[in-house]
> 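Submitted below is the structure of interest, expressed as structure tokens.
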Amino acid sequence: MDHFDRLIVEQIPRLRRYARALTGDVAHADDLVQDCLARAWSRRHLWLRKKRLRQWLFTIMHNLHVNALAKDARRPGEVPWSDGLTTASVGPGQDARLEARAIVEALAHLPPDQREAVLLVGLEQFSYAEAAAVLGIPLGTLMSRLHRGRERLRALTSGEGRPPLKRIK
Amino acid sequence: MHGSGHESGHEPGRPVTREELHAYADGTLAARRRAEVTAYLESDPQAAARVAAYRRQNAALQEAFDPVLDEPVPARLLQAGRDRRAARWRAAVAACIGLIVGAAAGWGLHDTVVDRAAGLEELASRTAVAYTVYAPEVRHPVEVSAAEEPHLTAWLSKRMGFSFRVPRLGDLGFRLIGGRLMTGGTQPAALLLYEDDRGRRLAVYIRRDMPTGGRSELRYTRHFGIGVMYWTDGDRGIGVSGDVEKDELVAAAHLVQAQFMS
């Protein structure tokens with residue numbers, strides 16, 4: 001394993017976390033990560049001139065994801081999102097767990113562009129400028145998607161700041 | 001972004017923007033501005049509720065998905081892309097199994113109309129398999145090498161049943177290595193392999209037992225991580241595959257298509 005491999009392997013858990021949240025499906029998410037890693041490896045010569053490996057990897061994954069969505073859109077009947085991921089979301093506190101479940105459900109109802117903005121900032125903690133670079137959009141567009149996404153999540157999980165108490169069957 | 005509390009005594013300064021509320025919630029607002037926004041939020045319960053909601057969203061996302069960080073990484077991801085030849089062989093084996101299963105499943109339907117989409121899908125898959133199996137071969141990638149091109153052309157023309165000309169991909173830096181006979185669905189098929197100066201290879205797969213007539217558009221897909229461009233022209237099905245950038249693959253497909261039509 002060389003230096004590049006080690007750096008990439010370090011990023012795999014975070015790539016998986018993001019892909020899981022993005023697609024809502026364990027197998028689909030890992031396929032996305034695998035494609036991302038394969039592409040990163042085949043383009044390693046392009047990375048050596050850059051510094052920010054994590055941002056570069058997320059950019060690759062974003063592009064693959066967008067391509068996959070475009071492909072799915074041409075094949076109606078295939079729903080890209082399944083909610084088979086809540087198995088991963090078991091935390092200790094009951095309230096925290098309910099909020100986590102509610103946000104996972106709500107995420108499925110966000111348009112993909114808003115979902116990406118919310119996840120890159122809120123989950124992956126990229127700076128706004130980095131998130132905009134990953135998505136290949138201007139900063140203003142990123143902020144607008146982030147705002148709409150967060151407001152939509154807020155509306156979906158509860159009204160006006162009350163904790164989401166909706167029970168999930 | 002300033003609501004009802006605007007006049008109620010916080011440091012006036014600049015109005016607080018929507019973007020600043022997000023930055024405040026994300027903890028990325030500059031320290032000096034932070035105090036001003038804190039004061040503003042005390043006077044605007046609605047804005048304060050938003051900020052609180054954004055923070056709870058971030059916490060809930062982390063609660064929901066941070067456990068993924070602690071999951072063991074699947075071996076296939078640790079391998080991804082590093083041992084490329086082995087990966088190709090694994091993909092080839094998987095693809096062959098898929099074809100066998102697909103063929104077995106399709107046999108029961110062989111008297112019914114063959115679905116055009118399924119035919120195209122199979123064309124793409126066979127192209128990817130052909131590339132995956134033969135492109136990594138160092139010593140025996142082809143049966144007849146480019147040095148014997150007249151023989152290659154005559155042989156493939158005879159077996160394929162049409163006057164066959166080898167497409168030129170020199171404009172893209174790819175030269176012919178040679179070709180081999182393959183299996184199509186019901187008739188022989190041909191595989192041509194090309195290589196560029198960097199050792200990258202391209203496969204062109206041609207068959208003439210496609211179930212449908214007419215000319216399809218060029219399509220792109222990926223099989224087992226390998227890009228494929230494929231289309232039909234009458235009973236001919238043509239696929240171009242290789243581990244190259246997509247735009248190169250698209251260019252190669254257009255070159256091949258133009259030369260096969262003429």
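Just so it is clear, the model here is predicted, and its values are computed rather than measured. Below, each value reflects all heavy atoms present in this structure, side chains not excepted, and no hydrogens, waters or symmetry copies. Chain letters run A, B, ... following the sequence lines, proteins first and then strands; every chain starts at 1.
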> If you take all heavy atoms of B:Leu61 and A:Leu123, which pair is closest and at what distance?
O-CD1, 3.5 Å
> Do A:His147 and B:Tyr54 come within less than 4.5 Å of each other through their side chains, counting heavy atoms only?
yes
> Side chain, backbone, both or neither: which part of B:Ala23 has an atom under 4.5 Å from a heavy atom of chain A?
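B:Ala23 touches chain A through backbone and side-chain heavy atoms alike.
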> Please round to the nearest 0.5 Å and tell me the distance separating atom CZ of B:Phe65 and atom CD1 of A:Ile103.
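One gets 9.0 Å once the value is rounded to the nearest 0.5 Å.
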> Are B:Asp243 and A:Arg39 within salt-bridge range, i.e. N to O under 4.0 Å?
no
> For A:Gly122 versus B:Asn58, what's the shortest heavy-atom pair and its separation?
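Heavy-atom minimum between the residues: CA-OD1, 3.1 Å.
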> Mind listing the closest non-hydrogen atom pair of A:Asp30 and B:Pro74 along with its distance?
OD2-CG, 3.7 Å
> Any non-hydrogen side-chain atom of B:Gln62 less than 4.5 Å from a side-chain atom of A:Gln125?
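Side-chain contact under 4.5 Å: yes.
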> Residues in salt bridge (Lys or Arg N to Asp or Glu O under 4.0 Å) with B:Asp197, at least two apart?
B:Arg175
> Between B:Gln57 and A:Arg154, does any side-chain donor sit less than 3.5 Å from a side-chain acceptor?
no
> Sort A:Leu146 into side chain, backbone, both or neither according to what part of it lies under 4.5 angstrom from a heavy atom of chain B.
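It is both, since atoms from each part get that close.
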> Looking at residues at least two apart in the chain, or sitting in another chain, which of them share a side-chain contact (heavy atoms from CB on, under 4.5 Å) with B:Arg55?
B:Tyr24, B:Ala25, B:Arg34, B:Val51
> Using a strict 4.0 Å threshold on nitrogen-to-oxygen distance, state whether B:Glu63 and A:Arg97 make a salt bridge.
no
> Where do B:Val68 and A:Pro13 come nearest, in terms of heavy atoms and distance?
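For B:Val68 and A:Pro13, the tightest heavy-atom pair comes out as CG1-O, 4.5 Å.
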> Does anything in residues 126-143 of chain A reach chain B? List residues with heavy atoms under 4.5 Å apart, or say none.
A:Tyr128, A:Met143
> Using the salt bridge (charged side-chain N to carboxylate O under 4.0 Å, His left out) rule, take B:Asp26 and A:Arg150 through it: C-alpha gap first, then chi angles, then the decisive distance, then the call.
CA-CA 12 Å; B:Asp26 290 321; A:Arg150 281 176 164 173; 2.7 Å; yes
> Verify side chain to side chain contact (heavy atoms under 4.5 Å, CB included) between A:Ser144 and B:Arg18, making sure each step is shown before the conclusion.
CA-CA 9 Å; A:Ser144 159; B:Arg18 185 171 96 172; 4.0 Å; yes
> Working to the nearest 0.5 Å, report the span between CG of A:Asn67 and CZ of B:Arg222.
9.0 Å
> State which residues pass side-chain contact (heavy atoms from CB on, under 4.5 Å) with B:Glu245; sequence neighbours excluded, sorted by chain then number.
A:Arg43, B:Asp247, B:Glu248
> Are A:Arg17 and B:Asp70 within salt-bridge range, i.e. N to O under 4.0 Å?
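Looking at B:Asp70 together with A:Arg17, the answer is no, because their closest N to O distance does not fall below 4.0 Å.
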> If we define contacts as heavy-atom pairs under 4.5 Å, which of A:Val121, A:Leu119, A:Val118, A:Asp31 has the most with chain B?
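So the answer, after comparing A:Val121, A:Leu119, A:Val118, A:Asp31, is A:Asp31.
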